[in-house]
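A short write-up of the structure that comes next.
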Number of protein chains: 2
Amino acid sequence: MLTGKNQIGTQQIANGKKTYQTIDPITNTANPQLFIEATTEEIALATSLAHHAFASFQKCSGESKAAFLNGIADELLALDQTLLDMYCLESGLPKGRAEGERGRTVGQLRSFAALLLEGNWIEATIDTALPDRLPLPRTDIRKMLHPIGPVVVFGSSNFPFAYSTAGGDTTSALAAGCPVIVKSHPMHAGTSELVASAIIRAAEKTNMPNGVFSNLNSSGIEVGQQLAKDPSIKAIGFTGSIKAGRALYDIAAARPEPIPVFAEMGSINPVILLPEILQQSNQVWAEAYAGSITLGTGQFCTKPGLLIGIAGDDLNTFAQHLSEAIEKVVQTSMLHPNIYANYNKNKTLLSEQVGVKIIAANTAKLETNFAAPTILRIDGKSFLNNPTMHQEVFGPFSILIACENIEELKSIISNLEGQLTGTIIGTVNEITHHKDIIEVLKNRVGRVVFNGVPTGVEVCPAMQHGGPYPASTDSRFSAVGIHAIKRWVRPVSFQNCPDVVLPLALQNSNPLKIMRLVNNQWTNSEI
Amino acid sequence: MLTGKNQIGTQQIANGKKTYQTIDPITNTANPQLFIEATTEEIALATSLAHHAFASFQKCSGESKAAFLNGIADELLALDQTLLDMYCLESGLPKGRAEGERGRTVGQLRSFAALLLEGNWIEATIDTALPDRLPLPRTDIRKMLHPIGPVVVFGSSNFPFAYSTAGGDTTSALAAGCPVIVKSHPMHAGTSELVASAIIRAAEKTNMPNGVFSNLNSSGIEVGQQLAKDPSIKAIGFTGSIKAGRALYDIAAARPEPIPVFAEMGSINPVILLPEILQQSNQVWAEAYAGSITLGTGQFCTKPGLLIGIAGDDLNTFAQHLSEAIEKVVQTSMLHPNIYANYNKNKTLLSEQVGVKIIAANTAKLETNFAAPTILRIDGKSFLNNPTMHQEVFGPFSILIACENIEELKSIISNLEGQLTGTIIGTVNEITHHKDIIEVLKNRVGRVVFNGVPTGVEVCPAMQHGGPYPASTDSRFSAVGIHAIKRWVRPVSFQNCPDVVLPLALQNSNPLKIMRLVNNQWTNSEI
């Protein structure tokens, strides 16, 4: 069923010579299909098609874009077992996860379709003329959001569905009216080809312009670099490492016309364990965190990588419960041999630092790419003085920091880099008492979690997924939830425009029946 | 009354050795006051104070920030004639303009105060818990906008009040909860010192933390560079040239932690003259444009620098009316001898290009810094083939392009760089007929003006002031109107947070009585 070719608009093309294969991490063997890397000409064709598609796609109604997105969801579901099998084969993730992530992806597509059908997201703002105003009359001015242009999306390694080919970046960009070119993740080239075929079928069935979507194969960095430099490309979405995300950001910032890059990168997601709660419910939190640290083999960007408490008996008991729970975890495969090798390398590096003690290392099944869940312990001062301990270790790994006192704990929080999440475990009494810790934490993160685990990113309007650098390159936007659409739009004003020429969203009769800010009052009435 | 010192928080400090003076462009002589450039240590003190002020300023209520902004407006008005005289002395602009721009600045301050008192701008978004949801329960998640951190604002040359020390960037950043450090424009150091003193008086009267505002003197680029590189600074606002704006953008993008730069830079603001309207009302538009091109000695970022029509008798008549009106304009002084010298250099460069004809040059009063309003004419092909003709000439200058046909006109529009504005002059009939031109224009600009002039930027919610690069570095935001506040904020989510610990805007009882998106429905009810 796979072709190994690039999907460039409606065509499957592969004139390149460079090929690569994906890997089944469970068996540690290459999968049979050869994928052909996109050539310079093929990349240029994809960007040219996207540029031309933008001229008509930007004018599509909310209804027709919604039909397109719902169509993608339907086509993904129609691929059924074929798609789920490919996902598992290329990622080593279990079938339950494949089904869950497909559900999330389909849900994202449908929620953006609903957003388009409702239509309020366009932020229609109208100030009507005041011809008699003194000293000068005011002209009629109307503003709405307008798509920014063709977008490039880089597929992620850890979410082959939800943050990849038809994931949140692609879905929100298409919803905004921006054509999308996906640079598929080399580890999931087959999954990406299948998903791309679903998108193209939906595009054809709903009469979208050719070039509204393309999917390019790439095993190195050259395809991504060429895409990022192409003048037709107006924004980039990326999920992955700080190194790769920053490299893309630097390319985009150095262009003659700089473009925004929404890179969702590294995060160690600190967790603060306050003393009182550890007296009351120590074991339940230790077990919850053993689960959160090892969920999906620790390959989530919101995995808690840092547990920070006050040294003492309760923290020691917590450490013991945590270690016991970690030792009981059933080991699972990592996504790829390279990720597995990096995990072992980084884990070893941090384990060998001054003052570090390994308090849990579940090494029952050290075969192929099955990672050993590991917990280190270190005192606050040693952590503060050693930048190596601050780096993210991607995998089922966390560090328990035993601080001398609350002041040292606060000092650790304020010295952290930007994070996606920060968590506080405490009784309501001590959380209220330590409001200052929340203030410090709030300035370092995008989401503050109370008495819970940071893994499990709910797709809902109130979700903020993105934090101060290096958690993401632009903390002012979320990669998850309906507000993710704001990354791909810019406002355009129309001054003294004849009603008949205005976009429907701004016409006097309010034909779309949307909420509009008219003379600084929200209303869905006509003018 | 002036001291020439830097205003660093509540202190006036000047330990530097480097001094400079402002110039009265009308008499072409230096004004007496010596201004002392900020030293490395003084800059570091200002950023450190801003960093510490942020800890408490971010927690200020809307009411207290509104009192601060209204206080600034009151203190500006209290400076009365002293301030207006300084403005005129340092800019050469007439008293009427000084009063008008002060009114605009005071209006901006009061409109952001009103925004804070209303409170809806915070975008409170709440998704309540769904404990019985299957397969997994949903936790309570609540999101609101949070200030990004200390902001540096670079004063502009052409709006000593409205886009400078207490201008739109400063006002919107303070409204967001971000401390501000102004690098004052060297040409208006005295005006800036007076305005800064008003801001500090208001800050003290309304109990703002020390460091919420500072004003630094600087005659070169070093102060701005040090500010842009300082880790405490989290965003930059700038109004000025493409060269300076891009240099700042490059510094900010190269930081270990990159920060957003909102630079509002160059724009030639194309105007399309459709044929039918030139048959009907030729002279009235020629006269309106003579006024718009020369308003404020052509020193507005929205000055129409390009008039594009179809060659023929009507365009010739328009050219003649325009030339006659330009010859009648009363000449006025430019802001500064350097700006005047640049104007003459650039005007001469463009006048000497192939195919260019000078059709108006009002040289009645060529003394000191009084600019000669000038119009060039060129055919479409010569314009398209010569990039030199595409550059902005800051001053009372415009180019009339005579195209062969509508296709050539469209080709010129699509080949333009990003612009703040694009204007269409036409009958409703021909505008409706040429909707495709509007589509092309819309993708190049932030604001489309119909049958009007682009100068005169109304301060209202529907205004978009900012366009695709190089008009501005981030077309997704406006520098004018209440939505300018969005540049200085990022969303923060609170998951499963005890009600008593939540910010007021997100608490169940809705104590601020604001509009909130609760479970995807807008409401101002409690939960």
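Chain letters run A, B, ... following the sequence lines, proteins first, then strands; residues in each count from 1.
More than 12 heavy-atom neighbours from other residues, nucleotides or ligands sit within 6.0 angstrom of CD on A:E101.
Annotation for B:V500 and A:K435: closest pair O-NZ, 3.7 Å, computed over non-hydrogen atoms. Of all heavy-atom pairs between A:R476 and B:V489, the closest is CG-O, 3.0 Å. Nearest heavy-atom pair across B:A462 and A:T125 is CB-O, 3.4 Å.
Proximity to chain A (any heavy atom under 4.5 Å) is shown, for B:H465, by neither the backbone nor the side chain. No part of A:E417 comes within reach of chain B, as not one of its non-hydrogen atoms sits under 4.5 angstrom from that chain. Using a 4.5 Å cut-off between heavy atoms, A:I141 touches chain B through backbone and side chain atoms alike. Interface remark: A:K234 contributes no atoms to any contact with chain B (heavy atom separation under 4.5 Å). At a 4.5 Å heavy-atom cutoff, the contact between B:V445 and chain A is made by backbone atoms alone. When heavy atoms are compared at a cutoff of 4.5 Å, A:H483 approaches chain B solely by way of its side chain, counted from C-beta outward. In this structure, chain A has a heavy atom under 4.5 Å from the backbone of B:A254, while its side chain stays farther away. Looking at A:L115, neither its backbone nor its side chain comes within 4.5 Å of chain B, counting heavy atoms on both sides.
When each of B:R142, B:R133, B:K143 is paired with A:E458, the salt bridge (charged side-chain N to carboxylate O under 4.0 Å, His left out) condition holds for B:R133 and for no other.
Highest contact tally toward chain B, considering only A:Q495, A:M515, A:H146, is held by A:Q495 [criterion: heavy-atom pairs under 4.5 Å].
With hydrogens and angles disregarded, a donor-acceptor distance shorter than 3.5 Å links the side chain of A:R246 to the backbone of B:P256.
For the residue pair A:Q58 and B:N443, a side-chain donor N or O sits within less than 3.5 Å of a side-chain acceptor on the partner.
A distance of 12.0 Å separates CD1 in A:I424 from CG in B:N496, rounded to the nearest 0.5 Å.
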